[in-house]
K.L.:
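Below is a structure I'd like to ask you about.
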Amino acid sequence: MSNRNAEGNQGSNSIDAWFDVLNHPRRRYLCRYMMQTDADIVTQEDLVEFVIERDSSVADEVSDRQGVSMELCHVHLPKLDDLDPVDYDRKGGRVYIDSATLAARLEDARSMIENILEERTD
């Protein structure tokens, strides 16, 4: 994880970084799974299953499984790993979750959206 300098660039836990994470449906699925589970450690395979069950763009579960797995491994899990609440062990295929911090960061994003909506109606 790397925090950028204060000259306009935000650190890895900035609201912009979280909106970027939430920008993609598969990352939203991953966040949803991580918030629903009681486990502190989940496997990449558990996350692949969860995404496949929910993603309507996955036409053929068997042939698309490897593609989903590779996309999570190389794109989505590393992007989440850049944020404090998630630590992705690519070699071990495990994801370590700090649920309390994840919930707090998601609440920060919700609060920002609510503030924007309130400003719009004022």
Side-chain angles (χ1 to χ4, degrees):
M1 292 184 287
S2 66
N3 287 329
R4 299 182 184 137
N5 64 29
E7 298 172 3
N9 293 326
Q10 301 297 316
S12 64
N13 275 311
S14 75
I15 195 72
D16 292 332
W18 279 96
F19 282 136
D20 184 47
V21 163
L22 297 172
N23 183 45
H24 196 283
R26 289 194 175 163
R27 289 192 294 268
R28 290 191 302 268
Y29 294 143
L30 296 174
C31 287
R32 183 173 297 128
Y33 181 91
M34 292 177 195
M35 290 305 303
Q36 291 175 351
T37 186
D38 291 330
D40 294 334
I41 303 170
V42 297
T43 66
Q44 180 179 330
E45 188 57 33
D46 290 338
L47 297 172
V48 169
E49 288 292 325
F50 189 81
V51 168
I52 287 174
E53 290 172 4
R54 281 153 185 81
D55 193 337
S56 61
S57 70
V58 178
D60 180 3
E61 184 178 320
V62 175
S63 65
D64 289 344
R65 176 179 299 285
Q66 184 175 8
V68 169
S69 181
M70 292 202 50
E71 186 179 329
L72 294 186
C73 176
H74 295 290
V75 178
H76 302 304
L77 289 171
K79 188 169 271 291
L80 284 165
D81 184 47
D82 287 341
L83 304 170
D84 286 341
V86 177
D87 186 22
Y88 174 46
D89 172 12
R90 186 181 302 206
K91 288 182 182 177
R94 291 181 299 271
V95 178
Y96 300 86
I97 307 163
D98 179 347
S99 298
T101 304
L102 179 59
R105 297 300 174 259
L106 293 172
E107 184 56 39
D108 290 345
R110 180 194 331 246
S111 178
M112 175 63 76
I113 292 168
E114 288 174 357
N115 287 340
I116 292 168
L117 290 172
E118 286 175 6
E119 290 175 10
R120 190 182 99 196
T121 60
D122 289 346

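Since the structure is predicted, the reported quantities are computational estimates derived from the model, not experimental observations.
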K.L.:
Are Lys91 and Asp89 side-chain neighbours, meaning at least one heavy-atom pair lies under 4.5 Å?
P.N.:
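Yes, side chains in contact.
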K.L.:
Write down the atom of Thr101, the atom of Pro85, and the distance for their closest heavy-atom approach.
P.N.:
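For Thr101 and Pro85, the tightest heavy-atom pair comes out as CG2-CG, 3.6 Å.
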K.L.:
Which distance, rounded to the nearest 0.5 Å, do you find between the CZ of Arg26 and the CG of Leu80?
P.N.:
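Atom-to-atom, Arg26:CZ and Leu80:CG are 13.5 Å apart.
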K.L.:
Side chains of Thr37 and Ile97: does their closest heavy-atom pair fall under 4.5 Å?
P.N.:
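Yes. Closest side-chain heavy atoms under 4.5 Å.
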K.L.:
Ring of Tyr88, cation from Arg90 - is the NZ or CZ under 6.0 Å from the centre and inside 45° of the axis?
P.N.:
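Not satisfied by the 6.0 Å and 45° rule.
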K.L.:
Measuring from atom OG of Ser69 to atom CG of Asp64, what distance do you get when rounded to the nearest 0.5 angstrom?
P.N.:
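Between Ser69 OG and Asp64 CG, I get 12.0 Å after rounding to 0.5 Å.
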K.L.:
Does Arg54 pair with Glu49 as a salt bridge, N-O distance under 4.0 Å?
P.N.:
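Judged by the 4.0 Å cut-off on N to carboxylate O distance, Arg54 and Glu49 do not form a salt bridge.
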K.L.:
Do Arg27 and Tyr29 meet the criterion of a side-chain donor-acceptor pair at a distance under 3.5 Å?
P.N.:
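Checked: Arg27/Tyr29 side chains show no N/O donor-acceptor pair below 3.5 Å.
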K.L.:
Is Trp18 close to Leu83 at the side-chain level, that is, under 4.5 Å between some pair of heavy atoms?
P.N.:
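Yes, their side chains come closer than 4.5 Å.
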K.L.:
For Lys79 and Asp20, which heavy atoms make the closest approach, and how far apart are they?
P.N.:
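Scanning both residues, the minimum pair turns out to be NZ-OD2, 2.6 Å.
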K.L.:
Do the side chains of Val95 and Leu22 join up, straight or via other hydrophobic residues, at under 4.5 Å, putting them in one cluster?
P.N.:
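Looking at the clustering, Leu22 is in the same group as Val95.
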K.L.:
Measure the spacing between CZ of Arg94 and OG1 of Thr43 and express it to the nearest 0.5 Å.
P.N.:
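Here the interatomic distance stands at 10.0 Å.
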K.L.:
Working note: Tyr33 + Asp46, criterion side-chain contact (heavy atoms from CB on, under 4.5 Å); need CA distance, chi angles, decisive distance, verdict.
P.N.:
CA-CA 9 Å; Tyr33 181 91; Asp46 290 338; 3.5 Å; yes
K.L.:
Say whether Ile113 and Ile15 are linked into one hydrophobic cluster, either directly or through other cluster members, by side-chain heavy-atom distances under 4.5 angstrom.
P.N.:
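Hydrophobic grouping puts Ile113 with Ile15.
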K.L.:
Assess whether atom CE of Met35 is packed by more than 12 heavy atoms of other residues, nucleotides or ligands within 6.0 Å.
P.N.:
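Yes - once you tally the heavy atoms of other residues, nucleotides and ligands closer than 6.0 Å, there are more than 12.
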K.L.:
What are the two closest non-hydrogen atoms of Cys31 and Val21, and how far apart are they?
P.N.:
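The answer is SG-CG1, 4.3 Å.
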K.L.:
With a 4.5 Å limit on heavy-atom distance, are the side chains of Asp40 and Tyr96 in contact?
P.N.:
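No, too far: nothing below the 4.5 Å cut-off.
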K.L.:
Could you grab the distance from atom CG of Asp87 to atom CG of Asp81, nearest 0.5 Å is fine?
P.N.:
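These two atoms lie 5.5 Å from each other.
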K.L.:
How many angstroms lie between atom CG of Leu77 and atom CG of Leu47, to the nearest 0.5 angstrom?
P.N.:
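Separation between the atoms: 6.0 Å.
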K.L.:
Please test Cys73 against Gln44 for side-chain contact (heavy atoms from CB on, under 4.5 Å), starting from the C-alpha separation and ending with a verdict.
P.N.:
CA-CA 8 Å; Cys73 176; Gln44 180 179 330; 3.5 Å; yes
K.L.:
Any idea how His24 and His76 line up, ring-wise: parallel (<30°), tilted (30 to 60°), or perpendicular (>60°)?
P.N.:
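Tilted, since the angle between the ring planes falls between 30° and 60°.
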K.L.:
Roughly how far, to the nearest 0.5 Å, is the CD atom of Glu45 from the CG atom of Leu72?
P.N.:
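Spacing of CG (Leu72) from CD (Glu45) equals 9.5 Å.
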